[in-house]
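Note sheet for the following structure.
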Amino acid sequence: MIAFRRKHPCHPHHDAAYNGGPVRLEGAYKEILETGRNRLVMCAALFGIAFVALSVRLVDVTVFSLPREPQLDRAEHSPALPLERADILDRNGVLLATSLATASLYADPKEVRDPQAAARQLVTVLPELKQAEIVDKLQSERRFVWLQRGLTPREEYEVNRLGIPGFYFQREDRRVYPHGVLTAHVVGFTNVDNHGMAGVERHFDEQLSKSRAPLVLSLDLRLQHVLRDELVAGMREYHAQGAGGVVLDVNTGEVLALTSLPDFDANKAGEASEDARFNRMTLGVYEMGSIFKVFTAAMALEAGTSKLTSSYDASHPIHISRFTISDYHAKNRWLTVPEIFMYSSNIGAAKMALDAGGAAQERFLQRLGLLAPAKLEINELGAPEFPRDWRPINTMTIAFGHGVSIEPIQVAIGTAAIVDGGILRDPTLLKRRAGEGASGVRVVSERTSDEMRRLMRLVVT
């Protein structure tokens, strides 16, 4: 408050009337002073609020927040980046698939001053990129565009040296397969966003993305090496276009090795041909030929229509309709069941199947699971092909492996049931604990299983 003592030179007595008391300043002067004071108070309050906000943000950034790319926060359509995937191991703990940290290059086109010059500079260090495509991306109206995913440390360094405004790096995980081609068809591969595209990577995609625990497969990498080497040698010797093989534990149903040739490097799956990526063991369906005589003999022995002492006339080919069934190495005489199996007689197998009947043959193959896709933890599974109407000609040709097309893995599964005491077990690509076996269903008796093992040993000896 401001006070003045008023004195009047012409009226000394009038001055005494005020008695020296303070006089308040009214009007425009008072309004100006009050406004100034209010503004000072308001500014002080705003400065205080700003100071508190900055302090809180500083604590949040330095203590509580994780580091992240600020440009991704400003991006209008930033992608959902994958988390680290769990490792995949073989049954002995050997690493089959893992994730490594890598850098991916993206840009905010709004911050790139000269798209033409920036694209021209970028292709000098990343020559696989197309300059025209980069220019189109950098001239877009978006705030976020990917330029290149999965850079190597050297590539990241070279791009960083360019110092182009608006270019940024995002930390990501890159899937790596240390053994390349060796387990490509089983393990599979992921795409650039780390989503499974084939094999167990695809089948267990959600589990691998959410769980940190490694996925342990039933594969034994040592057996996988041996199997692949043998198949490669066989392809060379016979000039084959493809090959496949499987090693199956008949007691547990575990797949110990599985190979399909030609194969591909899982680290460069995008460069592989469709033929190389095709899994012949699980996705391909084929007429399996004389190996089907295992199932024909087991069916006949189990049904009781044939015994090991039974014999059939194989002295002449079978003529039915416009077809002729003959033996490749004909003995031209009566053959016992062991001889039919040992010499792989088509004529004898056809007559054994006719004795059992087409209906019994169809039921037996269904019981073995040969007329439905295999049950395996992989998405690349083929659908068997078989006749809709099971006529006598079908019964005879199916007896020696023609007229029905199945996945090769199914042959292993069915044969395992025949030799393992007659118990059909679901196969698995996952390691089972010691003493743990797949629960199964009986498809043949122990007696039939024993007889079949003796017949199969006879073929070898």
Side-chain angles (χ1 to χ4, degrees), residues 283-308 310-375 381-415 417-418 422 424 441-445 448 451-452 455:
L283 186 56
V285 292
Y286 311 95
E287 291 183 330
M288 298 306 298
S290 289
I291 197 171
F292 242 68
K293 290 168 186 169
V294 171
F295 308 128
T296 299
M299 174 198 64
L301 293 173
E302 182 69 13
T305 56
S306 297
K307 298 179 181 179
L308 292 180
S310 300
S311 60
Y312 293 85
D313 184 6
S315 56
H316 303 287
I318 299 174
H319 299 282
I320 178 169
S321 183
R322 58 187 177 87
F323 302 100
T324 299
I325 299 174
S326 58
D327 288 341
Y328 185 65
H329 295 290
K331 299 300 177 182
N332 300 316
R333 61 179 176 83
W334 283 71
L335 299 175
T336 63
V337 168
E339 288 178 320
I340 290 172
F341 200 74
M342 181 171 60
Y343 297 131
S344 190
S345 170
N346 295 337
I347 299 170
K351 291 186 175 182
M352 289 174 66
L354 281 178
D355 279 356
Q361 183 188 51
E362 184 178 5
R363 287 195 302 270
F364 187 76
L365 296 181
Q366 285 177 337
R367 198 157 71 244
L368 282 175
L370 301 182
L371 303 185
K375 298 178 181 178
L381 296 173
E385 299 173 358
F386 49 91
R388 180 177 299 177
D389 299 318
W390 215 283
R391 298 174 296 169
I393 183 62
N394 300 119
T395 299
M396 287 189 282
T397 57
I398 290 171
F400 53 87
H402 294 275
V404 166
S405 298
I406 65 173
E407 309 151 52
I409 186 70
Q410 291 179 291
V411 174
I413 298 167
T415 305
I418 298 298
L424 177 66
V441 295
R442 181 166 294 281
V443 290
V444 297
S445 65
T448 299
E451 290 175 337
M452 288 304 303
L455 287 177

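Values reported hereafter were calculated over all heavy atoms of this structure, with side chains retained and with hydrogens, waters and symmetry mates removed.
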For [X] and [Y], which heavy atoms make the closest approach, and how far apart are they?
X	Y	answer
Thr305	Asp355	CG2-O, 3.7 Å
Ile340	Leu335	CG1-CB, 3.7 Å
Ser306	Tyr312	OG-OH, 2.6 Å
Ala314	Ser345	CB-OG, 4.1 Å
Gly358	Thr395	CA-OG1, 3.2 Å
Asn346	Ser326	ND2-O, 3.1 Å

Problem set entry | Thr415 side chain vs Val411 backbone, donor-acceptor pair below 3.5 Å | yes

[atom1]/[X] to [atom2]/[Y] distance, rounded to the nearest 0.5 angstrom?
X	Y	atom1	atom2	result
Glu302	Glu451	CD	CD	9.5 Å
Thr397	Phe323	OG1	CZ	8.0 Å
Gln361	Asn394	CD	CG	8.5 Å
Met352	Met299	CE	CE	7.5 Å
His319	Thr324	NE2	OG1	5.0 Å
Ile409	Leu381	CD1	CG	9.5 Å

Problem set entry | Leu354 vs Met396, side-chain contact (heavy atoms from CB on, under 4.5 Å): CA-CA, chis, key distance, verdict | CA-CA 7 Å; Leu354 281 178; Met396 287 189 282; 3.5 Å; yes

For this session: Kindly determine whether Ser344 and Ser290 satisfy side chain to side chain donor-acceptor pair (under 3.5 Å), including the steps that lead there.
Result: CA-CA 7 Å; Ser344 190; Ser290 289; 3.2 Å; yes

For this session: Apply the test side chain to side chain donor-acceptor pair (under 3.5 Å) to residues Ser405 and Glu287: give CA-CA distance (whole Å), side-chain angles for both, the deciding distance (0.1 Å), then the verdict.
Result: CA-CA 4 Å; Ser405 298; Glu287 291 183 330; 4.7 Å; no

Exercise. Taking the six-membered ring of Phe341, is the NZ or CZ of Lys293 close enough (under 6.0 Å from the centre) and on axis enough (within 45°)?
Worked result: no

For this session: Verify side-chain contact (heavy atoms from CB on, under 4.5 Å) between Glu362 and Leu371, making sure each step is shown before the conclusion.
Result: CA-CA 9 Å; Glu362 184 178 5; Leu371 303 185; 4.2 Å; yes

I'd like to check [X] versus [Y] (side-chain heavy atoms, cut-off strictly below 4.5 Å). Are they in contact?
X	Y	result
Ile325	Phe400	yes
Leu455	Leu301	yes
Ile318	Lys351	yes
Tyr343	His329	no
Leu308	Thr336	no

Problem set entry | Sidechain N-carboxylate O distance under 4.0 Å for Glu339, Arg333 |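 Looking at Glu339 and Arg333, the cut-off is met.
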
For this session: Over 60° means perpendicular and under 30° means parallel, so classify the ring planes of Phe292 and Phe295, tilted if in between.
Result: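 Ring orientation, 0 to 90° scale: perpendicular.
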
Problem set entry | Arg442 atom CZ: more than 12 heavy-atom contacts under 6.0 Å | yes

For this session: Dump the intermediate steps for side-chain contact (heavy atoms from CB on, under 4.5 Å) on Ile413 and Leu424, then the final yes or no.
Result: CA-CA 8 Å; Ile413 298 167; Leu424 177 66; 3.8 Å; yes

Problem set entry | side-chain contact (heavy atoms from CB on, under 4.5 Å) between Val404 and Leu370, worked out | CA-CA 9 Å; Val404 166; Leu370 301 182; over 6 Å; no

